[in-house]
There are 2 protein chains.
Amino acid sequence: MSRVQLAMKPIYQQLRDLLAERIAKGDWKPGAIIPNEGDLAREFGVSAGTMRKALSLLENEHLITRRQGRGTFINDPVAEGFADRFCSIRGANGKPMAGRVVASEITQASATATEAQRLQLTSGDAVWHIRRVRFDGDSALMYEEVSLPAVLFPALSESSTRIVLLAHQYGLLLGRAEEKLSIGAASEAAAEALQIPAGSPVIVLDRVLRTIDGRPVEWRLAQCRVATCYLAQIH
Amino acid sequence: MSRVQLAMKPIYQQLRDLLAERIAKGDWKPGAIIPNEGDLAREFGVSAGTMRKALSLLENEHLITRRQGRGTFINDPVAEGFADRFCSIRGANGKPMAGRVVASEITQASATATEAQRLQLTSGDAVWHIRRVRFDGDSALMYEEVSLPAVLFPALSESSTRIVLLAHQYGLLLGRAEEKLSIGAASEAAAEALQIPAGSPVIVLDRVLRTIDGRPVEWRLAQCRVATCYLAQIH
DNA sequence: AAGTGGTCTAGACCACGCA
DNA sequence: GCGTGGTCTAGACCACTTG
């Protein structure tokens with residue numbers, strides 16, 4: 001009597017996908033309350049326990065928040081704390097960096113080998129390139145080269161290149177980021193942007209952002225200057 | 001008919017604690033297979049579903065691995081992949097740094113204000129101090145100051161100061177690490193160890209390691225030199 | 001074939017927040 | 001008091017692994 005599992009995928013995962021689609025499409029807006037477990041279970045013809053497991057998945061993925069006695073709410077992906085959880089480099093106060101960000105260039109090109117590897121594309125697929133600089137007051141702190149698969153982002157408004165806004169705009173639900181931290185030599189573009197000699201040491205943040213389905217959404221290669229001392233003393 | 005909840009804590013969490021204790025004590029050795037869900041449920045007088053939830057918690061905390069058709073196995077906390085998952089800074093190949101590590105000094109002292117805050121102690125509690133240097137070949141890469149609550153580690157063998165080994169030795173189950181990355185000025189000790197001028201810029205890794213219960217186990221303040229270029233070029 | 005973990009069900013009761 | 005999510009139960013069946 002149980003539902004046929006066409007895709008050989010557990011029902012609770014299928015439910016998760018269906019519910020996530022409603023959120024992505026905007027059927028359920030951020031901040032809204034959604035029907036309770038029982039009603040949802042009835043609507044999809046499953047038991048309450050199965051629906052519960054699906055909702056738990058969505059909660060682990062930060063798409064919803066459940067509160068005992070209140071209900072289940074859609075999270076705002078752009079809200080502070082949700083948007084910033086992908087970024088590991090912090091300012092002196094421990095909070096995410098809050099400085100000015102200037103996008104200097106937005107172009108389209110065909111994917112390089114590295115981009116294809118990071119974004120799981122085939123070499124030559126169209127990608128957007130964004131170059132931007134993060135400031136702290138008047139001094140340039142960080143130079144970023146961002147690559148986005150053009151197939152996911154048909155058009156890029158120059159007004160906002162923040163990935164959380166873009167993702168929300170195109171109905172993409174961000175899941176996890178993998179970030180590698182290392183030390184490298186400043187590229188020429190980075191050197192110019194940061195006003196340091198080319199080849200001087202920089203912190204390299206290599207980050208791939210994925211949707212909750214695991215599809216790569218953004219590759220960001222950031223170079224951070226270390227030429228001056230911005231932060232608190234040690235001890 | 002259900003078990004009394006003295007501590008107002010869900011049964012499945014109490015079970016998790018009991019099972020975790022067995023692992024910590026060494027009743028169940030790494031690599032060993034543990035009884036199946038049904039037997040465990042019967043032993044503790046709970047339903048299979050509740051025991052299942054407890055086991056799921058342990059799996060999320062990387063203490064056990066469950067495999068369909070095989071059984072449930074105790075993970076080895078010292079094994080590669082489990083021990084290295086707390087470290088975010090990587091080498092050029094994307095793998096954790098593998099260089100030589102030299103512990104230069106092991107002393108005991110009373111906690112400073114910062115240590116007390118990070119390790120949730122009261123100022124003046126006894127802590128161990130370990131200073132160590134991480135090498136890449138012949139050059140010093142990273143200077144670390146490690147603080148451990150003396151109450152958790154009665155004695156410190158000089159042979160191995162690796163935290164995963166120490167934790168295992170004293171029956172502590174490591175859970176999560178919070179790591180803050182920033183840029184700072186090299187302290188005098190770091191400058192000497194890294195052979196750079198005091199005050200020159202370094203990457204600062206401020207990490208607090210906790211047990212699965214959330215108790216702080218280690219505070220590590222690492223300073224990483226950026227004076228030369230170790231790694232691959234950008235692009 | 002037997003044993004394991006994985007999924008799913010249907011229903012009971014509890015703890016919390018609010019009107 | 002009512003509706004919500006959170007916990008717990010008892011049992012069925014499925015999928016995978018091994019002998």
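In what follows, chains carry the letters A, B, and so on, assigned in the order in which the sequence lines appear, proteins first and then strands, with residues in each chain numbered from 1. Note that these values count all heavy atoms, side chains included, but never hydrogens, waters or copies made by symmetry.
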**Request:** Name every residue in residues 27-42 of chain B that has at least one heavy atom under 4.0 Å from any atom of DNA chain D, in order of residue number, or write none if there are no such residues.
**Result:** none
**Asked** Pick from B:Glu115, B:Glu145, B:Gln108: which one makes a side-chain hydrogen bond (donor to acceptor under 3.5 Å, both in side chains) with B:His129?
**Response** B:Glu115
**Item:** Results of side-chain hydrogen bond (donor to acceptor under 3.5 Å, both in side chains) for B:Glu144 - residues two or more places apart only
**Value:** B:Arg132, B:Arg134
**Prompt:** Heavy atom of residues 49-63 of chain B under 4.0 Å from DNA chain C: which residues?
**Reply:** B:Arg52
**Message:** Any salt bridge linking B:Arg220 with B:Asp206? Criterion: basic side-chain nitrogen under 4.0 Å from a carboxylate oxygen.
**Reply:** no
**Prompt:** How close or far is atom P of C:dG3 from atom CZ of B:Arg66, stated in whole angstroms?
**Reply:** 18 Å
**Item:** SB check A:Lys9 A:Asp17 (cutoff 4.0 Å)
**Value:** yes
Under 3.5 Å, which N/O atoms of the protein pair with N/O atoms of nucleotides 16-19 of chain D?
| residue | atom | partner | partner atom | Å |
| --- | --- | --- | --- | --- |
| D:dC16 | O4' | B:Gln68 | OE1 | 3.2 |
| D:dT18 | OP1 | B:Arg70 | NE | 3.3 |

**Message:** Output the rounded distance in Å from NZ (B:Lys9) to P (C:dA15).
**Reply:** 17 Å
**Prompt:** Taking only N and O in the side chain of B:Tyr12, is any of them less than 4.0 Å away from OP1 or OP2 of D:dT7?
**Reply:** yes
**A:Glu80 CD: over 12 foreign heavy atoms closer than 6.0 Å** = no
**Prompt:** Thinking salt bridges, do B:Glu218 and B:Arg210 make one under a 4.0 Å N-O criterion?
**Reply:** no
**Asked** What integer distance in Å separates A:Leu15:CG from C:dT7:P?
**Response** 13 Å
**Prompt:** Is it true that A:Asp76 and A:Lys29 make a salt bridge, defined as a side-chain N closer than 4.0 Å to a carboxylate O?
**Reply:** no
**Asked** Within a strict 4.5 Å, meaning less than it, do heavy atoms of the B:Thr161 and B:Ile106 side chains meet?
**Response** yes
Going by atom type alone, with no hydrogens or angles, which donor-acceptor pairs under 3.5 Å involve a side-chain atom of residues 54-66 of chain B and a protein atom two or more places apart or on another chain?
| residue | atom | partner | partner atom | Å |
| --- | --- | --- | --- | --- |
| B:Ser56 | OG | B:Arg52 | O | 3.2 |
| B:Glu59 | OE2 | B:Arg66 | N | 3.3 |
| B:Glu61 | OE1 | B:Arg16 | NH1 | 3.4 |
| B:Glu61 | OE2 | B:Arg16 | NH1 | 2.4 |
| B:Thr65 | OG1 | B:Asn75 | OD1 | 2.6 |
| B:Thr65 | OG1 | B:Asn75 | ND2 | 3.2 |
| B:Arg66 | NH2 | B:Glu37 | OE2 | 2.7 |

Do any side-chain atoms of residues 166-174 of chain B form donor-acceptor pairs under 3.5 angstrom with protein atoms, and if so which ones, sequence neighbours left out?
| residue | atom | partner | partner atom | Å |
| --- | --- | --- | --- | --- |
| B:Tyr170 | OH | B:Ala155 | N | 3.2 |
| B:Tyr170 | OH | B:Ala155 | O | 2.3 |

**Prompt:** Hey, does the side chain of A:Ser47 come within less than 4.0 Å of C:dG11's phosphate (OP1/OP2), counting only N and O?
**Reply:** no
**Asked** Where do B:Asp27 and B:Lys25 land on the salt bridge (charged side-chain N to carboxylate O under 4.0 Å, His left out) test, with the steps shown first?
**Response** CA-CA 6 Å; B:Asp27 297 348; B:Lys25 276 187 176 172; 5.4 Å; no
